[in-house]
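Remember, it's a predicted structure, so these values are computed and weren't measured experimentally.
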Amino acid sequence: MVGVRARASILHLDLDAFFAAVEQRDKPSLRGRPVIVGGIGTRGVVSTASYEARAFGARSAMPTSEARRRCPPGTAFLHPRFQAYRASSRVVMDLLHDLSPVVEQVSVDEAYVDLAAPGTHDLSVAGVRALVADLIDRIASATGGLTASAGVASSKMLAKIGSDLEKPHGLVVVEPGRELQVIEPLSVRVLGGVGPATAERLKSFGVITVADLQRMTLPDLVSIFGESHGHGLHRLARAQDDREVEVERETKSISAEETFDVDVPDRARLDSELAAMVTRVGGRLGQSASFARTVTIKVRHHDFTTHTRSATLTHATGEQAVVLDTARRLLAEVDVSDGLRLLGVGVSGFTSHAQDQLAFDEVDEPDVPATPEPSVSREPAPESRPSAPSWRTGHDVRHDELGAGWVWGAGRGRVSVRFEGPRTGPGAVRTFASDDPALHPADPPDWRERPDVSG
């Protein structure tokens, strides 16, 4: 077959519900319960939903308000802890580098590995299956129980599709020669070049599965989607992917764009398209566990003139609401009366840390407890207090006497803390004044250390 290797030697590894899984590992009271990680305010977006939450219809990129409607009482809604996710990611990536010198890290929880690069692995189907099964076991052991799913195939596209077929904790080896047999019955959405807009356009032509797409001629695809995209869809539908695994490289920007079939002058339609693209960009930004300082929009007018406009925030952000607000202000400065042929949005200027007081950040309601608790002791707040730390649900804290825990809920001058850690049982909840001098923000717990919880 054109554009694929003779052996299944490209591995795609994806950590299962990674952010939520780390939270469940570090917070014993949340194990087996629905967990949502992301922006938990009124305009927040879900970064990761645990498999327990997915059973109720929650998913990544969904508005948090919708996830709250779908999920039952007792669902934990937590702010992300990127420091904790990066620590576990480093352990996994080190294990991948032990397999091969050629590792392409796509995000904090996803990577491709060239198993043929060392020249020492048994690349038979049985040999590859045993090698990767052992890798998945070692990842669970080294990370305190995190699970991963893997696909191994003759191309990057098939390896990625394979890693998603039997999630969670799955392993699929696509034998050379069976590539088309595997993908033909699947939705066209499994193909890398098919996003929501392209899928809807294909659906209007009766194309639902990859097999349906294979029946479309190249001239038809080019006439509908243009030269580049049409040829790309034609190749991918036939499993033709000759991309090599590249040694990891620093991402300079994350972007998404849409070319319209008809020039669009309607600002309401453009705003809807912009919001959808920001959701895609924000999801990838969250996966990279990074924060961005610069937001850019790209527009192409009816006469094909193309312009970009950018804004640099005072502080780096990972909040999709911030990116969308900034992109909307940039688009408001563009004359769209004659219609736009293309609209795009991107972020750049990455850092590994956000700063407090984000420019244009959303204003959240006071955090509600992550999970219900039958009884919580509450002390009346003094009439006046100095400014207190900003406590975010899910973040790590330490009490001078009670030890390590995490913010279970905060608001109205109080903060509730559940005292537990990765190697303890479910812990008790205590409530304190927000400015209690004995309570401090803390680094994430080390799942490899002995318990450090006093009560």
Side-chain angles (χ1 to χ4, degrees), residues 38-39 41-47 60-63 107 192-201 225-226 228-229 232 250-351 354-355 357-363:
T42 54
R43 295 187 297 163
V45 176
V46 175
S47 288
S60 299
M62 172 182 286
S107 65
V194 181
T198 299
E200 281 300 311
R201 185 69 171 146
F225 296 103
S228 177
H229 198 189
E250 182 182 2
T251 300
K252 299 296 184 181
S253 64
I254 296 173
S255 62
E257 63 181 43
E258 195 70 44
T259 300
F260 307 121
D261 296 326
V262 179
D263 296 343
V264 178
D266 179 43
R267 283 202 177 271
R269 162 81 186 283
L270 293 172
D271 184 77
S272 176
E273 296 284 352
L274 188 68
M277 285 185 278
V278 168
T279 296
R280 286 150 55 192
V281 169
R284 292 168 57 196
L285 184 62
Q287 286 185 325
S288 70
S290 298
F291 304 88
R293 286 201 61 188
T294 300
V295 178
T296 301
I297 66 164
K298 175 182 176 182
V299 298
R300 179 168 298 144
H301 294 275
H302 70 289
D303 59 358
F304 288 91
T305 58
T306 304
H307 302 284
T308 61
R309 292 177 181 266
S310 299
T312 299
L313 306 177
T314 305
H315 302 289
T317 185
E319 298 283 352
Q320 292 186 28
V322 180
V323 176
L324 181 56
D325 284 350
T326 308
R328 279 171 168 161
R329 285 198 304 275
L330 293 171
L331 184 58
E333 300 171 1
V334 176
D335 180 4
V336 301
S337 57
D338 289 329
L340 295 185
R341 182 172 295 272
L342 174 146
L343 178 63
V345 63
V347 293
S348 57
F350 297 136
T351 68
Q355 295 169 285
Q357 303 300 322
L358 296 176
F360 319 121
D361 206 352
E362 63 176 304
V363 179

Closest non-hydrogen atom pair, L313 against V322: CD1-CG1, 3.8 Å
Give the minimum heavy-atom separation between V323 and T317, together with the two atoms involved. CG2-CG2, 4.5 Å
How close do L270 and L343 get, counting heavy atoms only, and between which atoms? O-CD2, 3.7 Å
With the side chain counted from C-beta on, respond yes when R267 and V336 share a heavy-atom pair under 4.5 Å apart, and no when they do not. yes
Closer than 4.0 angstrom, basic N to acidic O: yes or no for R329 and E333? no
For the residue pair L274 and L331, establish whether any side-chain heavy-atom pair is separated by less than 4.5 Å. yes
Interatomic distance, Q320 atom CD to D325 atom CG [nearest 0.5 angstrom]: 12.0 Å
Write down the atom of R284, the atom of S255, and the distance for their closest heavy-atom approach. NH1-O, 2.9 Å
Does E257 form a side-chain contact (heavy atoms from CB on, under 4.5 Å) with L342? I'd like the steps, not just the answer. CA-CA 7 Å; E257 63 181 43; L342 174 146; 3.5 Å; yes
The reported gap from CG in L340 to NZ in K298 (rounded to nearest 0.5 angstrom) is 12.5 Å
Geometric cation-pi criterion R300 and F260, 6.0 Å radius, 45° cone: no
CA sep, side-chain torsions, deciding dist, call: E319, F291, side-chain contact (heavy atoms from CB on, under 4.5 Å): CA-CA 8 Å; E319 298 283 352; F291 304 88; over 6 Å; no
Nearest 0.5 Å, please: how far is CZ in F350 from CD1 in I254? 4.0 Å
Please round to the nearest 0.5 Å and tell me the distance separating atom CZ of R309 and atom OG1 of T326. 14.5 Å
Test log, rule side-chain contact (heavy atoms from CB on, under 4.5 Å), inputs V334 and H301: CA-CA 10 Å; V334 176; H301 294 275; 3.9 Å; yes
Between NE2 on residue H307 and CG on residue D335, distance to nearest 0.5 Å: 10.5 Å
Partners passing side-chain hydrogen bond (donor to acceptor under 3.5 Å, both in side chains) against S107 (at least two apart in sequence or in another chain): D109
Between A256 and M277, what is the shortest heavy-atom contact and its length? O-SD, 3.6 Å
Return the OG to CG distance between S253 and L285, rounded to the nearest 0.5 Å. 11.5 Å
What one should report as the nearest heavy-atom pair of P265 and S337 is CB-O, 3.8 Å
Please check: side-chain N/O of T294 versus main-chain N/O of V347, any donor-acceptor pairing under 3.5 Å? no
Consider only side-chain N and O atoms of S310 and T296, and report whether a donor and an acceptor are under 3.5 Å apart. yes
